[in-house]
Amino acid sequence: MNNNNSNNGKRKPSKRYVQGKGKIRGVPIKRGADNNKQGTEPSQAKLRPNGRGQRGNNNKQQEQRRTPVKIIPLGGLNEIGKNFTVIECSNDMFVIDCGLAFPDSEMLGVDIVIPDFSYVEKNIEKLRGVVITHGHEDHIGGLPYFLKKFPSTPVYGTRLTIGLIEGKLREHALLDSVKLNTVTPRQTIRMGCMAVEFIRVNHSIPDSVGMAIHTPAGVLIHTGDFKVDYTPIEGGIIDLPRFAELGNKGVLALMSDSTNSERPGYTASERKVGDNLEMLFAKAEGKRIIIATFASNIHRVQQIINNAVNTGRKVAVSGRSMVNVISVGIELGYLKVPDGVLIDIDMIGRYLPEQIVLVTTGSQGEPMSALSRMSMNEHRKVSITPKDFIIISANPIPGNEKLVTRVVNDLMKLGAEVVYEKMYEVHVSGHACQEEQKLMLSITKPKFFIPVHGEFKHLMKHQQTAMSVGIPEENIIIAGIGDVIETDGVDMNITGQVPAGRVLVDGLGVGDVGAIVLRDRKHLAEDGLIIAVATIDRTVGEILAGPDLVSRGFVYVRESEELMNEAKELLTETLQNCLDSNMHEWNAIKGRMKDNLSDFIFTKTKRSPMILPIIMEI
């Protein structure tokens, strides 16, 4: 069962119509026998460059309409996380990314949020595979739930991404039943009548890629999460030459990361963090260093290890996700750790404080994270003292500021010195700022532009950036999840809607928590519960026991005896009246009790607790 906020697929098609002006010829895909050969790409007809200089050509009679292609975002638009996009052409379709989002404060008791897969389920015979841009949770976190429904679906990703996916599937006992395929940048795979080419990008996790999607209608580019880092810690620089080459041949549409679209300038290189960490390690002389960062930021962990080696410190790790990612990174060669540097957290007591660096989760103040438990003195193996120097190497995600502030305050109360947010530059983003977004737009020269990955304000700001480099406003699509964006190489329209929304995961339950359950949880959390229990003998019309009242989260009964006694008298009178009038319908009796008690409680307290009448008959 999906959340009731999901659209039901019955909305009228959007009236927004986007008309192209460039001249494009078809892109028939021709492949040899080896669809996975590295460094190859689908052959295609010559494409007329359709940059700013070509947009004035409005002669549609000379343009050739090709087989339509649909772009259907089912997550990642007007929100952060839950990235999930369907590309469909004729009888073939594939999925780009399958992520999760974390619940907001209104989703009481919910663990994670995943996309609605119902559209894929209805068209499962078309599904050719899932391609993954990188290994962050908002791009791979929903895969175990997706593959439980569609276990025969092949998944494609780079080495580190597949390594992280393997760990998640192992936890869900799915690893032996799915097809995982490792790809490399500049490699192309076939997806029915389409083909996907992987292109290296820089991000805050190694092995990140964007994609060129070669379709009969033209080339679509999806950047994935990216930034331009000319001095990356690991791997190569973003493959700008390949993006530019595709731009010169002709790009039909660009889908580009909008996360940092409000930030001017360029995103700093990860190496800048390393320089500041070196300075902070020197400042922390004589103290134990504890660093909280995102578990997946292998580049950051590598720099922490490098500084620990240079200062003669041992490195311990706390937090399950951090342990898992570091283990995969070392196993696949993305983390280089000299022998003897990494120690088990149980061994930290054998060393002096100034000999230890502890890398931990909890940079966002998550209540159950390792750093949060340390701040409350609830961590079984680490106790915070004035001999601790703590670095929070991350900026708070919007909405987490209060959680982070609470953790910082609690750590300081225990005597620790804490470096956080902008005290020193100990964090850089993994997403492109405005100048890098302009660079991507300028070298790919797309006919149409679709901002992706961000809230509505991010998409709108990215639209302004695109217009500043010459993309006409009418060629920019601001879409929402469930919108069907369709193009035939000449025009691009939002032609309709498909079912989309969010599915809530609570424990082992997937989709069984919806709007009604959330409403009840919120009601209980805000106003509490009163249970009214009575035993009756309906044959003689007598109340044998009760009514008794049980209060949870409403008032403390021992301190509100007068109120509770009055409520019991009211319920006794109500129940007896029902029996005297020969009312036989249980639901009617319970409804009368509930209504009368609710009115009485609200009159006395101006509160509306949930009321649950229970009647037992003998």
Worksheet item: Mind checking what makes side-chain contact (heavy atoms from CB on, under 4.5 Å) contact with Val309, not counting sequence neighbours?
Response: Ile305, Pro338, Val341
Worksheet entry | Smallest separation among heavy atoms of Phe117 and Gly142, with atom names | CZ-O, 4.0 Å
Discussion item. I'd like to know if Lys168 and Glu137 make a salt bridge, using a cut-off of under 4.0 Å between side-chain N and carboxylate O.
Written reply: yes
Worksheet item: Closest heavy-atom contact between Val209 and Ile132?
Response: CG2-O, 3.9 Å
Worksheet entry | Glu262 atom CD, neighbour heavy-atom count above 12 within 6.0 Å | yes
Discussion item. Tell me whether Asp239 contacts the main-chain N or O of Arg200 through its side chain, where contact means a donor paired with an acceptor under 3.5 Å.
Written reply: no
Fill in: Donor-acceptor pair, side chain of Glu435 and main chain of Gly265, under 3.5 angstrom
no
Fill in: Distance-minimising heavy-atom pair for Ile289 and Ile291
CG2-CG1, 3.6 Å
Fill in: Salt bridge flag under 4.0 Å for residues Arg271 and Asp275
no
Discussion item. If only side-chain N and O atoms count, and only distance matters, is there a donor-acceptor pair under 3.5 Å linking Lys227 with His203?
Written reply: no
Worksheet entry | With sequence neighbours excluded, residues passing ring-ring contact (aromatic ring centres under 6.0 Å, His included) with Phe389 | none
Practice prompt. Run the salt-bridge test on Glu197 and Arg242 with the 4.0 Å N-O cut-off and return the result as yes or no.
Written response: yes
Discussion item. Just to verify, what does Asn307 make a side-chain hydrogen bond (donor to acceptor under 3.5 Å, both in side chains) with, not counting sequence neighbours?
Written reply: none
Item to complete: Quick one: list whatever passes ring-ring contact (aromatic ring centres under 6.0 Å, His included) with His427, sequence neighbours left out.
Response: none
Practice prompt. Output the distance between atom CD1 (Ile390) and atom OG1 (Thr360), rounded to the nearest 0.5 Å.
Written response: 9.5 Å
Discussion item. Main chain of Thr184, side chain of Gln187: is a donor-acceptor contact present, judged purely on distance under 3.5 Å?
Written reply: yes
Worksheet item: Would Ser375 and Ser372 count as a side chain to side chain donor-acceptor pair (under 3.5 Å) if you check the C-alpha gap in whole Å, the side-chain angles of each, and the deciding distance to 0.1 Å?
Response: CA-CA 5 Å; Ser375 71; Ser372 291; 5.1 Å; no
Fill in: Ring-ring centroid check His172 Tyr145, cutoff 6.0 Å
yes
Item to complete: Answer yes or no: is there a donor N or O on one side and an acceptor on the other, between the side chain of Gln303 and the main chain of Glu270, under 3.5 Å?
Response: yes
Practice prompt. Would you name the heavy atoms of Arg313 and Ile356 that are closest together and state the gap between them?
Written response: NH1-O, 3.0 Å
Worksheet entry | Steps toward side chain to side chain donor-acceptor pair (under 3.5 Å) verdict (Ser204, Asn297) | CA-CA 6 Å; Ser204 55; Asn297 199 332; 5.0 Å; no
Worksheet item: side chain to side chain donor-acceptor pair (under 3.5 Å) between His453 and Asp225: does it pass, once the steps are laid out?
Response: CA-CA 8 Å; His453 296 180; Asp225 288 354; 2.8 Å; yes
Discussion item. Has Gln302 got a side-chain atom pairing as donor or acceptor with Ile233's backbone, closer than 3.5 angstrom?
Written reply: no
Item to complete: Check whether the side chains of His139 and Asp97 place a donor and an acceptor atom closer than 3.5 Å, and report yes or no.
Response: yes
Response to the item:
Separation between CE (Met440) and CZ (Phe243), nearest 0.5 Å, reads 4.0 Å
Fill in: side chain to side chain donor-acceptor pair (under 3.5 Å) between Asp207 and Thr161, intermediate numbers included
CA-CA 7 Å; Asp207 258 7; Thr161 302; 5.7 Å; no
Practice prompt. List in chain and number order the residues that pass ring-ring contact (aromatic ring centres under 6.0 Å, His included) with His379, two or more places apart in sequence or in another chain; answer none if no residue qualifies.
Written response: none
Fill in: Side-chain donor or acceptor of Gln434 paired with backbone N/O of Ser261 under 3.5 Å
yes
Worksheet item: Just by modelled atom types, is the Asn395 backbone N or O under 3.5 Å from a matching donor or acceptor in the Gln364 side chain?
Response: yes
Worksheet entry | Lys/Arg-Asp/Glu bridge criterion (N-O < 4.0 Å) met for Arg159, Glu331 | no
Worksheet item: Does Asn181 use its side chain to pair, donor to acceptor, with the backbone of Tyr156 at less than 3.5 Å?
Response: no
Worksheet item: Val219 and Ala212: which non-hydrogen atoms are nearest, and at how many Å?
Response: CG1-CB, 4.4 Å
Discussion item. I'd like to know if the side chain of Ser429 pairs up with that of Thr267 as donor and acceptor (distance under 3.5 Å, no hydrogens or angles considered).
Written reply: no
Worksheet item: By ring-ring contact (aromatic ring centres under 6.0 Å, His included), which residues pair with Tyr230, not counting sequence neighbours?
Response: none
Practice prompt. Evaluate the ring planes of His462 and Phe449, with Trp represented by its six-membered ring, and classify them as parallel (under 30°), tilted (30 to 60°) or perpendicular (over 60°).
Written response: perpendicular
Discussion item. Regarding Tyr119 and Glu88, do their side chains bring together a donor and an acceptor under 3.5 Å, going by distance alone?
Written reply: yes
Discussion item. For Tyr420, I'd like to know if atom OH has over 12 heavy atoms of other residues, nucleotides or ligands within 6.0 Å.
Written reply: no
Item to complete: Verify the distance criterion only: is there a donor paired with an acceptor across the side chains of Ser118 and Glu121 at less than 3.5 Å?
Response: no
Worksheet item: Are there more than 12 heavy atoms of other residues, nucleotides or ligands under 6.0 Å from atom CZ of Phe150?
Response: yes
Worksheet, complete the sentence: Here the gap from Ile485 atom CD1 to Ile450 atom CD1, rounded to the nearest 0.5 Å, amounts to 4.0 Å
Worksheet item: Counting distance only, does the side-chain N/O of Gln464 pair as donor-acceptor with the main-chain N or O of Lys461 below 3.5 Å?
Response: no
Worksheet item: So, does Asn202 use its side chain to make a donor-acceptor pair with the main chain of Val228 at under 3.5 Å?
Response: no
Practice prompt. Can you measure from CD1 (Ile72) to CD1 (Ile96) and round to the nearest 0.5 angstrom?
Written response: 11.5 Å
Item to complete: Work out which heavy atom in Thr133 is nearest to a heavy atom in Gly224; give both atom names and the distance.
Response: CG2-CA, 4.0 Å
Worksheet item: So does Arg502 pair up with Asp116, basic N to acidic O under 4.0 Å?
Response: no
